[in-house]
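Here is the structure we will look at.
Everything quoted here is computed from the prediction, not taken from an experiment. Letters A, B, ... mirror the listed sequences (proteins, then strands); counts begin at 1. Hydrogens, waters and symmetry mates play no part in the numbers below; they use all other heavy atoms, side chains included.
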Amino acid sequence: MIALVDGDSFYVSCERAFDPHLEGLPVGVLSNNDGCVVARSRELKALGVAMGAPLHQLPPAIRRQAVLLSSNYALYGDVSRRMNQVLAEFSPAVELYSIDESFVHFSGFDPGALEAHCQRLRETVRRWTGIPAGVGLAPTRVLAKLANRLTKREPAYEGVCRLEADSDATRRLLERLPVAELWGVARRTAERLQLMGIETAWQLRQADPKWIRGAFSVVLERIVWELRGHPSIELENMLQPRQRILVSRSFGRLSDALADLQAATRQHATRAAEKLRRQGSLARAVLVFVRTNPHRLQDAQYANSHVVALPEPCNDTPTILAAARRALAAIFLEGHRYQKCGVMLLDLVDAERRQLSLLEEPADARRRDRSRRLMAALDHLNREMGRDTVRFGLPHQDNAWALRCQRRTQRYTTCWKELVTVKTG
DNA sequence: TCTGGGGTCCTAGGACCC
DNA sequence: TCTGGGGTCCTAGGACCC
């Protein structure tokens, strides 16, 4: 059996774990730049606030009533790590799926014993991390996602729901469930399915898998098999190195100045190079993109990107900065009000398995070794003394592109300076 | 005024080769 | 008049996820 374990309204639960005053209040956590609501407590959902609702579109009454917090990813990432440590106590096979969800594999349990085991798991997560969790048990991932959702909707399950592939209960559930609510079926696919007369999850399950593959894709065919109880979806292992690394941000306010884009691009490229080294990879190319604000119909729109190949795979910040600067120069146009830019590192390879050049000169090896030691020292200092203790170029004040995040809570678990203000009961 | 960020996989179609 | 077919590789874009 596969269990999908997730934290209820995860970001909100993290905030509540460290500030019990938030319990029972309508609480929301905002995206970067305090743009949209990305996590909602039960009470906030009850007020009719939709997932992804732009902050500035919320009615004033709700903004007065609700507690709306900037996102605090340092805190959420740390709580997530602790939650997965607890899961590892209950099964040797835990797959991290996202910051708030993991798949946990169980074998060799009697049905009754497994549900009791999952109840203990849930209580332990609550006690050790403060996070209320839901556990959906089923033979496949798609069904486990559904079972997990039932735990949120039906308090009677007490947080643990088990779904068999062929029970009457499963059939009744699928017959009532619109296809769009399945994991892996979103609006586009749901619309096409509807045109072919498939509206419920049960109708999809009954469809011919080969026909589904031809008319749609192998992805949807796998979902059909999963609904029937045959495991067909494998996950990319979250612990594997990423295949690409992206760092991007919207600006705090629009800007038409090349200097602003250069500074932001430099910042993003620096972060991306740090991530690259942390996962032990080298990049072979750097992509930079820029765009104006697509929501501002009154502004001329422009979006473009450019890739610069690196002379050899590398993780050296100055080399990546230089490539990013050239890429930006290739796409920057005067007279546009830019809203966002980003840096992507592409074509990543394992640093340990770097292809050595036959034409390599001793000087190249020395230069590379010097860069490796410099980057290691830089990462070490920034890790120990705080981000950007040592950096390339000058720091900037009052950037157009700096994030707005005026409502962030303390980084209770990862920052000593912010620990002292923890509130109690 | 104010609308997130970071990923993955799959497919179609073009370029190229024999 | 008559202009193949099959394979691979690469890329851009679509769709989806949290």
Name the closest nucleotide to the [X] side chain, picking from [options].
X	options	result
A:Val38	B:dG5, C:dC18, B:dG4	B:dG4
A:Ser31	B:dG7, C:dC18, B:dG4	B:dG4
A:His56	C:dC17, B:dT8, B:dC2	B:dC2

Whole-Å distance separating the [atom1] atom of [X] from the [atom2] atom of [N]:
X	N	atom1	atom2	answer
A:Asp34	B:dT3	CG	P	11 Å
A:Leu96	B:dG6	CG	P	19 Å
A:Arg222	B:dT8	CZ	C1'	12 Å
A:Gln301	B:dT3	CD	C1'	13 Å
A:Arg337	B:dC2	CZ	C1'	13 Å
A:Asn148	C:dC17	CG	P	15 Å
A:Asn32	B:dG4	CG	P	10 Å
A:Leu246	C:dC18	CG	P	19 Å

Which pair of non-hydrogen atoms, one from [X] and one from [Y], has the smallest distance, and what is that distance?
X	Y	result
A:Ser91	A:Val104	CB-CG1, 3.3 Å
A:Arg296	A:Leu254	CD-CD1, 3.5 Å
A:Ala3	A:Val135	CB-CG1, 3.9 Å

Within the 4.0 Å heavy-atom criterion, would you say A:Glu101 contacts the bases, only the backbone, or no part of the nucleic acid? sugar-phosphate
Would you indicate what A:Ile245 reaches in the nucleic acid, counting non-hydrogen atoms under 4.0 angstrom: base, sugar-phosphate, or nothing? sugar-phosphate
Does [X] make a side-chain N or O approach to OP1 or OP2 of [N] shorter than 4.0 Å?
X	N	value
A:Ser250	B:dG5	yes
A:Ser248	B:dG6	yes
A:Lys275	B:dG7	yes
A:Asn33	B:dC2	no
A:Lys340	B:dG5	yes
A:Arg296	B:dT1	no
A:Gln243	B:dC9	yes

Taking the six-membered ring for Trp and the single ring otherwise, decide whether the centroids of A:Trp128 and A:Phe90 are under 6.0 Å apart. no
Using the C1' atoms only, state how far C:dC17 lies from B:dG4, rounded to an integer number of Å. 15 Å
Could you please spell out the steps behind the side-chain hydrogen bond (donor to acceptor under 3.5 Å, both in side chains) verdict for A:Thr409 and A:Asn72? CA-CA 7 Å; A:Thr409 51; A:Asn72 184 346; 3.1 Å; yes
For a ring pair (Phe, Tyr, Trp, His ring centres under 6.0 Å) check, start with the C-alpha distance between A:Tyr11 and A:Tyr73, then their side-chain angles and the critical distance, and finish with the verdict. CA-CA 9 Å; A:Tyr11 296 171; A:Tyr73 290 106; 5.8 Å; yes
Pair assignment for B:dC16, Watson-Crick or G-U wobble, requiring both distances under 3.5 Å: C:dG7
Identify which one of A:Arg141, A:Lys145, A:Arg149 satisfies the salt bridge (Lys or Arg N to Asp or Glu O under 4.0 Å) criterion when paired with A:Glu101. A:Lys145
CG on A:Asn293 to CZ on A:Arg253, rounded to 0.5 Å: 15.0 Å
Quick test: give all pairs of protein nitrogen or oxygen and nucleotides 13-16 of chain C nitrogen or oxygen below 3.5 Å, distance rounded to 0.1 Å.
residue, atom, partner, partner atom, Å
C:dA15, OP2, A:Arg188, NH1, 2.9
C:dA15, O3', A:Thr189, OG1, 3.4
C:dC16, OP1, A:Ala186, N, 3.2
C:dC16, OP1, A:Ala186, O, 3.3
C:dC16, OP1, A:Thr189, N, 3.0
C:dC16, OP1, A:Thr189, OG1, 2.4
C:dC16, OP2, A:Arg188, N, 3.4

With nearest nucleotides of DNA chain B determined for A:Arg242 and A:Val218 from heavy-atom distances, which residue corresponds to the more 5′ nucleotide? A:Arg242
